[in-house]
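Letters go in sequence order (proteins before strands), and every chain restarts at 1.
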Amino acid sequence: MTEFKIHNTYGNKKEVFIPNDPENIKVYACGPTVYDYAHIGNARMAVVCDLLIKVLKEIYPRVTYVSNITDIDDKIIEAATENNTPIEELTNKFSKIYNEDMLVLGVQLPDLQPRATQHIDKMINLISNLIENDFAYFTNAHVLFSVKKYSNYGKLSTRTQEEQIAGSRVEILEFKDDPADFVLWKPSEDDQPGWESPWGRGRPGWHIECSAMSEKTLGLPFDIHAGGQDLIFPHHENEIAQTCCAHKFNKPQDYAKYWFHNGFVTVEGEKMSKSTGNIKLVNNLIKSIPGEVVRLALLSSHYRQPLNWSESTIKQSKNTLDRYYRFLYDTKDQETNEKKIETTSNKVLDALCDDLNTSLALAELSNILDNKNNQTKSTTKTQLLCAGKILGILGESPSKWLGYEDQGEKFDVSLIDKLIQDRIKARNNKDFTLADSIRIELNNMGIEIEDTQQGTKWRKK
RNA sequence: GGCCCGGUGGCAGAGUGGUUAUGCAGAGGACUGCAAAUCCUUCCACGGCGGUUCGAUUCCGUCCCGGGCCUCCA
């Protein structure tokens, strides 16, 4: 069996992946808080996790992938108030858009997509358990987790409590026993959403939902817990503390064995932020850029490295895909055997099995094409499609991708045909000035001309 | 202040103790009336300084620079 290696944030090194149960790999990824459109950073997490799942599925018979939707949160409450929209309407709208946008990027839906508001009972149970066992305390209408009660607190993010205090940027609530303690349950005002609980009407803190939903949907322990790099602290650290204490586990691995975190996206070299106004929304990008281009761009650097989003990244990804689609177009009549994984496309899988080395995988993909004269076209095509399938690319119709098909856009096809005929006549008459001016005219219409052995072809640029 | 991660050719971006990453761009050539596409050839590299070594871009130390986290954040 192929060996899969994964960088584990817990321990901070690459490890050979050894599943808890090889018959069913269980993965949980912290999903979006749905109060706005997803940005390219959200998409990176979704695409990278999607790739992780695709690779695991190549190796293991069954993979269960859970990724939640956070649909109760102070930011959501704020956004709902601002837009004068009921919370449920807002979260339904943006979770639907999130899934639609991710689908365009070739991201498959998780097997389960639990919502926080549907697991309040489970959260209340967990919190009660933590209070009963003296890991948490009730004060001033809040339930707080007592960080000092968990000896492994800080192990994931490799920081000690003293270090955090040195930073002195921890929110100080008057009634906290310890500044590092975090909220499990907080009271809701009458105009805020809330649920009845042993501690009065209120709502959960942010971290408890993932502890509740991951346990409920996957059982413990599960194999991989994923999310963005910024979630390492405090979110995942707190999840570990809650779950481990509730179950009297000591080691974080008893909750989840491997901790998988993707790096950030910057935009033209700068961090994405609302203040600089450079947040790239997926919903906008896919209006002008094919989803596959966005996906490939997001996979062009290693998932733990920072990724710079720029015009040239997009352009390169587009060029790369065009090259593959041209080959697929030229070989559109070739039979393929996609069930058969050929040697070279295995190299793509091998690269991905080394902690998702997408850069190397894409280099191997390129090698498949470079090797095309040493083997049958059918073999090359098969290899390309197999590799593309794992990467989640090359799934479109080549003629549509390259613009040879009418894509429902308003082109005057009869005019184009007439101009092409005029140009052919001009060329036959060796009137190249006229021929070139017709080509420029077509170009200005967004049409590119290709003179091939089979005659003149046109495509949408 | 603490913790973590990086610094590779014009750009993007892997990897390795001694041998070509890869893509785009550039140069030359084939093809073409010219283009486009395709193919062939080719230039360009490992932040600074020490150390280990027969040999380091790769290991160690140190310095400089950049990014992230420590508060909500993918």
Side-chain angles (χ1 to χ4, degrees), chain A residues 7 9 12 29-33 38-49 70 73-75 78 154 157-172 179-180 182 206 226-235 237 261-266 269-274 279 296-308 310 312-320 322-323 326-327 329-330 351 354 357-367 369-370 372-373 402 426-428 430-433 435-436 439-440 443 448-453 456-459 461:
Chain A
H7 178 92
T9 306
N12 225 340
C30 290
T33 303
H39 56 64
I40 195 71
N42 296 306
R44 188 181 194 191
M45 175 263 155
V47 166
V48 164
C49 286
T70 298
D73 176 274
D74 287 2
K75 285 196 297 293
E78 270 173 46
S157 52
T158 59
R159 61 187 91 200
T160 63
Q161 285 183 51
E162 294 72 39
E163 284 161 8
Q164 286 174 72
I165 291 160
S168 73
R169 291 170 73 181
V170 185
E171 181 191 13
I172 310 284
F182 57 91
W206 172 39
Q229 218 158 42
D230 54 323
L231 298 185
I232 296 171
F233 189 90
H235 186 55
E237 199 72 75
H261 295 98
N262 65 274
F264 278 89
V265 179
T266 57
E270 276 187 41
K271 192 190 173 180
M272 264 197 301
S273 72
K274 282 190 176 162
I279 293 181
L296 187 65
L298 287 173
L299 294 176
S300 64
S301 80
H302 186 85
Y303 75 89
R304 273 184 289 111
Q305 294 296 111
L307 176 80
N308 189 37
S310 70
S312 80
T313 315
I314 298 162
K315 200 174 165 214
Q316 264 192 231
S317 299
K318 171 79 164 57
N319 284 346
T320 304
D322 282 353
R323 185 166 158 248
R326 273 199 192 95
F327 177 83
Y329 181 79
D330 291 341
D354 186 12
N357 190 339
T358 45
S359 304
L360 187 58
L362 293 171
E364 295 294 355
L365 192 68
S366 179
N367 287 341
L369 212 52
D370 289 343
K372 68 177 182 287
N373 293 328
L402 294 170
R427 290 179 74 208
N428 288 340
K430 302 255 190 267
D431 183 354
F432 297 121
T433 313
D436 287 349
R439 186 171 60 210
I440 289 164
N443 220 282
E448 188 157 273
I449 292 292
E450 295 169 12
D451 295 323
T452 71
Q453 301 221 322
T456 300
K457 288 196 302 191
W458 67 271
R459 65 186 197 93
K461 275 203 296 188

Participant: Side chain of A/Met45 only, please: which of B/G33, B/C72, B/A74 is the nearest?
Facilitator: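 So the nucleotide nearest the side chain must be B/A74.
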Participant: Tell me what A/Val265 touches on the nucleic acid: a base, only sugar-phosphate, or nothing, going by heavy atoms under 4.0 Å.
Facilitator: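 Base contact - A/Val265 has a heavy atom under 4.0 Å of at least one base atom.
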Participant: Can you tell me, in whole Å, how much space there is between the C1' of B/C46 and that of B/U57?
Facilitator: 4 Å
Participant: Can you tell me, in whole Å, how much space there is between the C1' of B/G66 and that of B/C59?
Facilitator: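 My reading of the C1' atoms in B/G66 and B/C59 gives 24 Å.
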Participant: Is it the case that the side chains of A/Thr320 and A/Ser317 hold a donor-acceptor pair, with the cut-off being a distance below 3.5 Å and no angle test?
Facilitator: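 Looking only at side-chain atoms, A/Thr320 and A/Ser317 do not form any donor-acceptor pair under 3.5 Å.
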Participant: Applying the Watson-Crick and G-U wobble criteria at under 3.5 Å, what pairs with B/C24? Answer none if nothing qualifies.
Facilitator: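 By the stated definition (distances under 3.5 Å), B/G10 pairs with B/C24.
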Participant: Starting from P on B/U38, measure out to CZ on A/Arg326 and report it in whole angstrom.
Facilitator: 5 Å
Participant: Taking B/C24 as the reference, what is the distance to B/C3 when you measure between their C1' atoms (whole Å, please)?
Facilitator: 37 Å
Participant: Using a 4.0 Å heavy-atom cut-off across all strands, classify A/Thr320 as base, sugar-phosphate, or nothing.
Facilitator: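 Answer is sugar-phosphate: A/Thr320 comes under 4.0 Å of backbone atoms only.
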Participant: Nearest to the A/Arg439 side chain among B/A36, B/G33, B/G13, which nucleotide is it?
Facilitator: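 Selected nucleotide: B/G33.
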Participant: Given the C1' atoms of B/A37 and B/C31, what is the spacing between them in whole Å?
Facilitator: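 Approximately 11 Å lies between the C1' atom of B/A37 and that of B/C31.
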Participant: Under 3.5 Å for both donor-acceptor distances, Watson-Crick or wobble: does B/U19 have a partner, and if so which one?
Facilitator: none
Participant: Tell me which nucleotide among B/G68, B/G33, B/A14 gets nearest to the side chain of A/Phe264.
Facilitator: B/G68
Participant: When the P atoms of B/C11 and B/C4 are considered, how many whole Å apart are they?
Facilitator: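 Roughly 30 Å separates the two P atoms.
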Participant: Using purine N1 to pyrimidine N3 plus N6-O4 or O6-N4 for Watson-Crick, or N1-O2 and O6-N3 for G-U wobble, both under 3.5 Å, which nucleotide pairs with B/C3?
Facilitator: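 Per the H-bond distance test, B/G68.
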Participant: Indicate the atoms forming the closest heavy-atom contact of A/Asn357 with A/His302, along with that distance.
Facilitator: CA-ND1, 4.1 Å
Participant: Just checking A/Gly41: base, sugar-phosphate only, or nothing, at a heavy-atom cut-off of under 4.0 Å?
Facilitator: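 Since a base atom lies under 4.0 Å of A/Gly41, the category is base.
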Participant: In whole Å, I'd like the distance from the CG atom of A/Asp354 to the P atom of B/G13.
Facilitator: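 Atom CG in A/Asp354 sits about 19 Å away from atom P in B/G13.
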Participant: Taking atom C1' in both B/U32 and B/U20, what distance in whole Å separates the two?
Facilitator: 31 Å
Participant: Nearest-Å distance, CG (A/Leu402) to P (B/U38)?
Facilitator: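 The distance from CG of A/Leu402 to P of B/U38 comes to 10 Å, rounded to the nearest Å.
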Participant: Sticking with atom P, work out how far B/U53 lies from B/U58, rounded to a whole angstrom.
Facilitator: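 Pairwise P distance, B/U53 against B/U58, rounds to 16 Å.
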Participant: I want to verify a distance call: between B/A14, B/U38, B/G33, whose nearest atom is closest to the A/Arg323 side chain?
Facilitator: B/U38
Participant: Find the distance A/Leu369:CG to B/C40:P and express it as a whole number of Å.
Facilitator: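 Atom CG in A/Leu369 sits about 10 Å away from atom P in B/C40.
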Participant: Taking atom C1' of B/C39 as reference, at what distance in whole Å does atom NZ of A/Lys372 sit?
Facilitator: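 Computing the A/Lys372:NZ to B/C39:C1' distance gives 7 Å.
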Participant: Return the 5'-most residue of the pair A/Leu307, A/His235 with respect to RNA chain B, ranking by each residue's nearest nucleotide.
Facilitator: A/Leu307
Participant: Could you please name the partner base of B/C59, counting Watson-Crick and G-U wobble pairs only when both distances are under 3.5 Å?
Facilitator: B/G51
Participant: Side-chain donor or acceptor of A/Arg159 under 3.5 Å from a matching atom on the base of B/C4?
Facilitator: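 A donor-acceptor contact between them is absent.
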Participant: On a whole-Å scale, what distance lies between the P atoms belonging to B/C65 and B/G26?
Facilitator: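 Comparing P positions in B/C65 and B/G26 gives a spacing of 36 Å.
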Participant: Any N or O donor-acceptor pair under 3.5 Å from the base of B/G33 to the side chain of A/Asp436?
Facilitator: yes
Participant: Looking for any heavy atom pair under 4.0 Å, which part of the strands does A/Asp370 touch: base, sugar-phosphate only, or nothing?
Facilitator: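 Sugar-phosphate, no base atom in range.
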Participant: With both distances under 3.5 angstrom, what nucleotide forms a Watson-Crick or G-U wobble pair with B/C43?
Facilitator: none
Participant: The side chain of A/Phe432 is closest to which nucleotide in this list: B/A36, B/G33, B/A74?
Facilitator: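 Given the options B/A36, B/G33, B/A74, the side chain of A/Phe432 is closest to B/G33.
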Participant: Measure from the side chain of A/Asn319, starting at C-beta and using heavy atoms only, and say which of B/A74, B/G15, B/C24 lies closest.
Facilitator: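 Comparing B/A74, B/G15, B/C24 against the side chain of A/Asn319, the answer is B/C24.
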Participant: Taking atom NZ as the centre, does A/Lys457 end up with more than 12 heavy-atom neighbours from other residues, nucleotides or ligands that are less than 6.0 angstrom away?
Facilitator: yes
Participant: Find the distance A/Leu362:CG to B/U22:C1' and express it as a whole number of Å.
Facilitator: 9 Å
Participant: Quick one: A/Phe233 CZ to B/C5 P, roughly how many Å, whole number?
Facilitator: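 Rounded to whole Å, this separation is 17 Å.
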Participant: Does any N or O donor sit under 3.5 Å from an N or O acceptor when you compare the side chain of A/Gln305 with the base of B/G6?
Facilitator: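 In this structure, the two groups form no donor-acceptor pair.
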Participant: Which part of the nucleic acid, if any, lies within reach of A/Thr452 when heavy atoms closer than 4.0 Å are counted: base, sugar-phosphate only, or nothing?
Facilitator: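 The residue A/Thr452 makes no contact with any strand.
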Participant: Any donor-acceptor pair under 3.5 Å linking the side chain of A/Thr313 with the backbone of A/Asn308?
Facilitator: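 Indeed, once roles are kept as given, a pair shorter than 3.5 Å links the two residues.
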Participant: When you measure from the side chain of A/Asn12, which nucleotide among B/C5, B/G23, B/A21 comes out closest?
Facilitator: B/C5
Participant: Check every strand shown and say whether A/Gln316 touches a base, only sugar-phosphate, or nothing at a heavy-atom separation below 4.0 Å.
Facilitator: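 If one applies the 4.0 Å heavy-atom cut-off, A/Gln316 turns out to touch a base.
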Participant: Which part of the nucleic acid, if any, lies within reach of A/Arg427 when heavy atoms closer than 4.0 Å are counted: base, sugar-phosphate only, or nothing?
Facilitator: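 Contact class for A/Arg427: base.
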Participant: Considering only B/C69, B/U22, B/A36, which nucleotide approaches the side chain of A/Asp230 most closely?
Facilitator: B/C69
Participant: Phosphate oxygens OP1/OP2 of B/A12: is one of them under 4.0 Å from a side-chain N or O of A/Ser300?
Facilitator: no
Participant: When all nucleic acid strands are considered with a 4.0 Å heavy-atom cut-off, which category describes A/His39: base, sugar-phosphate, or nothing?
Facilitator: base
Participant: Heavy atoms only, 4.0 Å cut-off, all strands: where does A/Ile40 land among base, sugar-phosphate and nothing?
Facilitator: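 No contact.
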Participant: Whole Å only: how far is the CE atom of A/Met272 from the P atom of B/C69?
Facilitator: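 Distance, rounded to whole Å: 12 Å.
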Participant: Pick base, sugar-phosphate or nothing for A/Asp451, based on heavy-atom distances below 4.0 Å to the nucleic acid.
Facilitator: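 A/Asp451: base contact, heavy atoms under 4.0 Å.
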